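Chain letters run A, B, ... following the sequence lines, proteins first, then strands; residues in each count from 1. Every value quoted in this text rests on a predicted model; they were computed, and no experiment measured them.
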Amino acid sequence: MPELPEVEAVRRYLEPYVMHQQIARVYLRRADLRSPFPRGFRRRLEGQTVDSVMRRAKYLLVTLSSRDTLLMHLGMSGSFRVDGPEDASLDGGDYPAGPGLHDHVVFRMASGAVVTFNDPRRFGSMDLLTPVQLARHPVLSRLGPEPLSSAFDAATLARACTGKKVSLKLALLDQRVVAGLGNIYASEALHVAGLSPFRRASIIATLSGAPRDSAVRLMRAIKRVLAQAIDRQIRDSRSSRFRVYDREGERCPRAGCAGIIARRSQAGRSTFYCPVCQK
DNA sequence: ATTGAGACCTGTCGGC
DNA sequence: TGCCGACAGGTCTCAA
């Protein structure tokens, strides 16, 4: 489930359990996720205290007293759960009696809380970066603006789309354009903005330096869709339903629109949209 | 440089 | 019920 709102919800869930807490032990139940764990992963984590739990795009960043940063990505199917001290029967031995299927990494905090990373598809990743590695990270350093920050405005979005020949949908999936949207919220934002996913991204581009109406609408739609999704994640963790995503054949939710939600594939991924009100 | 296609891995769901 | 293929919310790499 992890696009920006879901990752943000995970961040807020984990924070109270790990912030200012010491990592007592780390259990690796395999040698890799999408890529191998870095050398000395466990040794460099055990004994450290967590200074902060941050999110950038779909990445979680846990900074440590050693100045290293634990960089984590949930991939498609990654999730965390925390079991309280009362559930933890980990004394001494290996983790634990009867770990769940796909429980790949377990952090036992000095408080007794047990933080477990589960990821059936193993598209997730964990890396441990020195400050220099963090500053020069090939992916992080190229990410576009955080969509909910003031740094993300219509002019920025328009500039990022200038000269782009890909469709709007694909542009929104490009993490260098804006960081944190995935397949669901790209469709959702385009519907709110009333823009067709198939138009060239360059229709958003600046017009003699000034952002166009469509850029303003899309920027606002992105912020609104993500903010509402985070809200929903926090309030009820029931998997939320969407305006267009996974609603092929249903009525368009826009007031006064009689369209039927359609689905088409773009770059091998499903796009959901209303052919009537998205121009 | 940009773009599209394929790969990574497992689980689930619909059709037969 | 059981098998089989298609598909799933994300990146990364490679070739055109």
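- Regarding A:D32, its CG atom lies at a distance of 8 Å from the P atom of B:dC9, rounded to whole Å.
- Pairing partner, C:dG9: none, since no Watson-Crick or wobble contact has both distances short of 3.5 Å.
- Look at CE on A:M126: it is 16 Å from C1' on C:dT11, rounded to the nearest Å.
- Residues A:R29 and A:H104 have side chains that never bring a donor and an acceptor to within less than 3.5 angstrom of each other.
- Counting non-hydrogen atoms under 4.0 angstrom, A:L101 reaches the backbone sugars and phosphates but no base.
- Between the side chains of A:R263 and A:S270, at least one donor-acceptor pair of N or O atoms lies under 3.5 Å.
- Per the geometry, CD belonging to A:E6 stands 17 Å off P belonging to C:dA8, to the nearest Å.
- When rounded to the nearest whole Å, the span between CZ of A:R200 and P of B:dT2 equals 14 Å.
- Note on A:R121: every side-chain N or O is 4.0 Å or more away from OP1 and OP2 of B:dG11.
- Here the side chain of A:H102 is nearest to one of C:dG9, B:dG11, C:dG10, namely B:dG11.
- Side-chain N/O atoms of A:K165 include none lying less than 4.0 angstrom from OP1 or OP2 on B:dT2.
- Side chain to side chain, A:T63 and A:S52 meet the donor-acceptor criterion of an N or O pair below 3.5 Å.
- C:dA8 atom C1' lies 13 Å from atom CG of A:D119, rounded to whole Å.
- Per the geometry, CD1 belonging to A:I184 stands 12 Å off C1' belonging to C:dG10, to the nearest Å.
- A:Y59 comes within 4.0 angstrom of the backbone, heavy atoms only, and of no base.
- Atom P of C:dA6 sits at a distance of 14 Å from the matching atom of B:dG6, rounded to the whole Å.
- Side-chain nitrogen and oxygen atoms of A:Y245 include at least one within less than 4.0 Å of the OP1 or OP2 phosphate oxygen of C:dG9.
- In terms of position along DNA chain B, the nucleotide closest to A:R176 lies nearer the 5' end than the nucleotide closest to the other residue of the pair A:R176 and A:G268.
- Side-chain nitrogen and oxygen atoms of A:Q175 include none within less than 4.0 Å of the OP1 or OP2 phosphate oxygen of C:dG10.
- Taking atom C1' in both B:dT3 and C:dG9, the straight-line distance is 22 Å, to the nearest Å.
- Distance A:E8 CD to C:dG9 P: 22 Å, rounded to the nearest Å.
- Judged by centroid separation below 5.5 Å and plane tilt below 30°, A:F123 stacks onto the base of B:dC8.
- For the residue pair A:S202 and A:K164, no side-chain donor N or O sits within less than 3.5 Å of a side-chain acceptor on the partner.
- There is no side-chain donor-acceptor pair under 3.5 Å between A:Q21 and A:T49.
- Distances shorter than 4.0 Å separate none of the side-chain N or O atoms of A:R34 from OP1 or OP2 on C:dT11.
- Among the nucleotides C:dC12, B:dG4, C:dA8, the one closest to any side-chain atom of A:L170 is B:dG4.
- Taking atom C1' on both nucleotides, B:dG11 is separated from C:dC12 by 22 Å, rounded to a whole Å.
- Between the side chains of A:Q48 and A:S65, at least one donor-acceptor pair of N or O atoms lies under 3.5 Å.
- An OP1 or OP2 oxygen of B:dT2 is reached within less than 4.0 angstrom by no side-chain nitrogen or oxygen of A:K164.
- Each of C:dC7, C:dT11, C:dC12 was ranked by its minimum atom distance to the side chain of A:R269; first place goes to C:dT11.
- Phosphate proximity of C:dA8 to A:S270: present, with a side-chain N or O under 4.0 Å from OP1 or OP2.
- Comparing B:dG4, C:dA8, C:dT11 by their nearest atom to the side chain of A:H73 picks out C:dT11.
- Rounded to an integer number of Å, the gap from CD of A:Q266 to P of C:dG10 is 14 Å.
- Both A:M72 and A:L28 belong to a common hydrophobic cluster when Ile, Leu, Val, Met, Phe, Trp and Tyr are linked at side-chain heavy-atom distances under 4.5 angstrom.
- Distance check on atom P: B:dC9 versus C:dC3 gives 24 Å, rounded to whole Å.
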